[in-house]
Amino acid sequence: MLQVKIIEDHLDEIKESLKKRNWGDTDISVVEKIIDLNTKRKAVQTELDQEKAKLNQLSSEIGNLFKSGKKDEAVALKDEVAKIKLKSEEQDALLTQITSELENNLLSVPNKLHPSVPAGSSEEDNEIYKPHQGDLPVLSENALPHWELAEKYNLIDFKLGAFIAGSGFPLFRGKGSRLQRALISYFLDEASNAGYEEIVPPLLVNEDSARATGQLPDKEGQMYYVERDDLYLIPTAEVPITNIMRDQIIEESDFPIKFTGYTPCFRREAGSYGAHVKGLNRVHQFDKVEIVQIEHPDKSYDTLHDMVAHVEHLLNSLKLPYRILRLCGGDTGFTSALTFDFEVYSAAQKRWLEVSSVSNFETFQANRLKLRYKDGDGKKHLAHTLNGSALALARIIACILENYQTEDGIKMPEVLVKYLGFDKI
RNA sequence: GGAGAGUUGGCCGAGUGGUCGAAGGCGCACGCCUGGAAAGUGUGUAUGCUCCAAAAGGGCAUCGAGGGUUCGAAUCCCUCACUCUCCGCCA
């Protein structure tokens, strides 16, 4: 959620940004409404505060009168207080109403896009920020897509997963399971080496946490919800890990704060079925190593590029063909100011699969998190939050299986061999 | 899951209806003292909103969260969350 102040101070940029997100003029007018509501809010609050000040003052007078035995005067004052109170209750109700209307409108406004974000309405309009280097791999004619390889080598049992849980819950076994574990270890080790503190967070979160990182109310339908205990299954480790910093005031010298964590991720993906979601392409449960940074506003874009470089390093070391996209306005997430997506080339399917998304949220999440830092003068400001997948496993596995297949088995990427204990499936 | 006890500022801890944003201590910051340090000593030390052009300085709110009683609530009542102890269950 953006601060009203940001909307007021950057009104034109905000409007431009909403336009890039393909908002119509009527919808964009919400920002004027917000500014208007905020002005009203201030006026009502000032009045209400004055009335309350009067009430507080009278109350203490009543106290004094009772103490000095002037009961009659005290009772008379009480009547006066009752009148003011009646009025202040009206103001109070008005303030509550205005505040909640303001809040609801604010919640509907997505983050202000970074100026570099291209206009565009869908994924077709994303900018290829860094195209794939060299030629794309071409497989032999009998090359198999990963779901067939998974079956052939007994790595993943989709049917069994569907039997036990439902469609979209793959069951890994044997070397498939081992490959999964190796990738997790490798990614976590690389993140640790890059200075991220490793976290094992809760996999279910409460409403406050989901709200603070912006999953609520925006993505409510995407999360599994445990009604009995009022908890949400995490759609990404971003949620519990970023919430480590909720309600914190840190020192400027604490920057950058770097966390990494491996978690399963749970996504309902309601309504997505069909060929393009076959196999591991889109599932309800997948594993992911996430990297999160809390950074000074002046440095957050440098940090964003560091994180992009970290992901690139991982993909390079796995020798997977990839490209980097700068998401256009229409495709950039609600909470993000600038997002780079990484796609790997799935050679048997002959398509690109998204395996990482690295974003700078600027103060959008910090506002909800109430995550501030003190500057040299002791003044408080919202920090910037960033995160990225490094990496999302399921699709990486799909890609490794397809791209590394040979006539007599699947070779394993070199960097994984020491984690796997074998170099071929 | 059952029974009981708790939740106060960065931390410890006092406060059971009025002048309490909150005693005292610790910590921290700055100063004095010192050759330097320790000890001692003085001052300061929450967050959000708001008024004011700004600073200075006001006002409102916040003592786990939300509601209620009252002219007035950290203090009384209700609901919820969390922590601790005992019992039960258990990887």
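None of the values given here were measured: they were computed from a predicted structure. As a basis for the values below, the full set of heavy atoms in this structure was taken, side chains included, without hydrogen atoms, waters or symmetry mates. Sequence lines set the chain letters: A, B, ... in the order given, protein chains first and strands last, and positions in each chain run from 1.
- Under 4.0 Å is where a charged nitrogen must lie from a carboxylate oxygen, and between Lys5(A) and Asp9(A) at least one such pair does.
- For the segment residues 204-217 of chain A, the set of residues with a heavy atom within less than 4.0 Å of an atom of RNA chain B is empty.
- Glu89(A) has its CD atom 12 Å from the C1' atom of U70(B), to the nearest Å.
- U85(B) is paired with A3(B) under the criterion used here, namely a Watson-Crick or G-U wobble arrangement in which both key atom distances are under 3.5 Å.
- Checking each of Leu107(A), Thr363(A), Thr335(A) against Arg368(A) for a side-chain contact (heavy atoms from CB on, under 4.5 Å) leaves exactly one that passes, namely Leu107(A).
- Taken residue by residue, residues 241-251 of chain A places heavy atoms nearer than 4.0 Å to RNA chain B at Ile249(A).
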### Task
Applying side chain to side chain contact (heavy atoms under 4.5 Å, CB included), run through Phe342(A) and Val358(A) and close with a yes or a no.
CA-CA 8 Å; Phe342(A) 284 73; Val358(A) 183; 4.0 Å; yes
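- The ring of His381(A) has its center closer than 6.0 angstrom to the ring center of Tyr373(A).
- Atom pair Lys87(A):NZ and C71(B):P shows a separation of 20 Å (rounding to whole Å applied).
- Atoms CZ (Arg228(A)) and C1' (G1(B)) sit 11 Å apart, rounded to a whole Å.
- Taking atom C1' on both nucleotides, U16(B) is separated from U70(B) by 16 Å, rounded to a whole Å.
- When the P atom of G10(B) is taken as reference, atom CG of Asp254(A) falls 16 Å away, rounded to whole Å.
- Nucleotides A23(B) and C84(B) place their P atoms 29 Å apart, quoted to the nearest Å.
- In this structure, Lys258(A) forms a cation-pi arrangement with Tyr196(A), its terminal cationic atom sitting closer than 6.0 Å to the ring centre and no more than 45° off the ring axis.
- A salt bridge does not link Glu252(A) with Lys374(A): every distance from a Lys NZ or Arg NE/NH1/NH2 to an Asp or Glu carboxylate oxygen is 4.0 Å or more.
- Between G67(B) and C12(B), the two P atoms lie 27 Å apart (nearest whole Å).
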### Task
Could you please spell out the steps behind the side chain to side chain donor-acceptor pair (under 3.5 Å) verdict for Tyr232(A) and Ser209(A)?
CA-CA 9 Å; Tyr232(A) 295 87; Ser209(A) 295; over 6 Å; no
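- Using cut-offs of 30° and 60° on the angle between ring planes, the pair Phe169(A) and His284(A) is tilted.
- Figure legend. A14(B) is base-paired to no nucleotide; pairs are counted as Watson-Crick or G-U wobble with both atom distances under 3.5 Å.
- Taking the C1' atoms as reference points, G64(B) lies 33 Å from G57(B), given to the whole Å.
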### Message
Return a single string for nucleotides 49-63 of chain B, one symbol per nucleotide in 5' to 3' order, where B is base contact, S is sugar-phosphate-only contact and - is none, cutoff 4.0 angstrom on heavy atoms.
### Response
SSS-------BSS--
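- Using modelled atom types, one finds a donor on one side chain and an acceptor on the other under 3.5 Å when comparing Gln365(A) with Thr385(A).
- With both pairing distances under 3.5 Å, C60(B) is matched to G48(B) as a Watson-Crick or G-U wobble pair.
- Rounded to a whole angstrom, the distance from the C1' atom of A46(B) to that of C20(B) is 15 Å.
- A close approach under 4.0 Å does occur between a side-chain nitrogen or oxygen of Arg372(A) and OP1 or OP2 of G48(B).
- Remark: P of U47(B) and NZ of Lys380(A) are 4 Å apart, rounded to the nearest angstrom.
- Distance noted for atom P between C82(B) and C90(B): 23 Å (whole Å).
- Remark: Glu295(A) does not engage Lys299(A) in a salt bridge, criterion side-chain N to carboxylate O under 4.0 Å.
- Not a single side-chain hydrogen bond (donor to acceptor under 3.5 Å, both in side chains) links Glu151(A) to another residue, sequence neighbours left out.
- Note on Lys85(A): a side-chain N or O is less than 4.0 Å away from OP1 or OP2 of G72(B).
- In this structure C20(B) sits in no base pair that meets the Watson-Crick or G-U test at under 3.5 Å.
- Phe266(A) and Tyr224(A) have perpendicular rings, their planes meeting at more than 60° on a 0 to 90° scale where under 30° would count as parallel.
- Comparing the same atom, P, in U75(B) and in A61(B) gives a spacing of 15 Å after rounding to whole Å.
- A cation-pi geometry, defined here as NZ or CZ lying under 6.0 Å from the six-membered ring centre and within 45° of its normal, holds between Lys175(A) and Phe422(A).
- Pair check for A74(B) finds none; no Watson-Crick or G-U wobble contact set falls under 3.5 Å.
- Rounded to a whole Å, the CG atom of Asp230(A) is 14 Å from the C1' atom of A65(B).
- With sequence neighbours excluded, no residue satisfies side-chain hydrogen bond (donor to acceptor under 3.5 Å, both in side chains) with Glu251(A).
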Listing time: all N or O pairs from protein to nucleotides 15-19 of chain B that are below 3.5 Å?
unit_1	atom_1	unit_2	atom_2	d
G18(B)	N2	Ser59(A)	O	2.6
U19(B)	O4	Lys67(A)	NZ	2.1

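- When the C1' atom is used for both U47(B) and G21(B), the distance is 11 Å, rounded to whole Å.
- Remark: G35(B) base-pairs with no nucleotide; criterion is Watson-Crick or G-U wobble with both hydrogen-bond distances under 3.5 Å.
- Pair assignment for G42(B) gives C30(B), based on Watson-Crick or G-U wobble hydrogen-bonding distances that are each under 3.5 Å.
- Checked for salt-bridge contact, Lys15(A) and Glu32(A) meet the test: a charged N lies under 4.0 Å from a carboxylate O.
- Between Lys70(A) atom NZ and C71(B) atom C1' there is a gap of 17 Å when expressed in whole angstrom units.
- A54(B) makes up no base pair with any nucleotide shown, lacking Watson-Crick or G-U wobble contacts both under 3.5 Å.
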### Query
Under the ring pair (Phe, Tyr, Trp, His ring centres under 6.0 Å) criterion, do His384(A) and Tyr301(A) qualify, and how do the steps go?
CA-CA 10 Å; His384(A) 281 194; Tyr301(A) 280 95; 7.2 Å; no
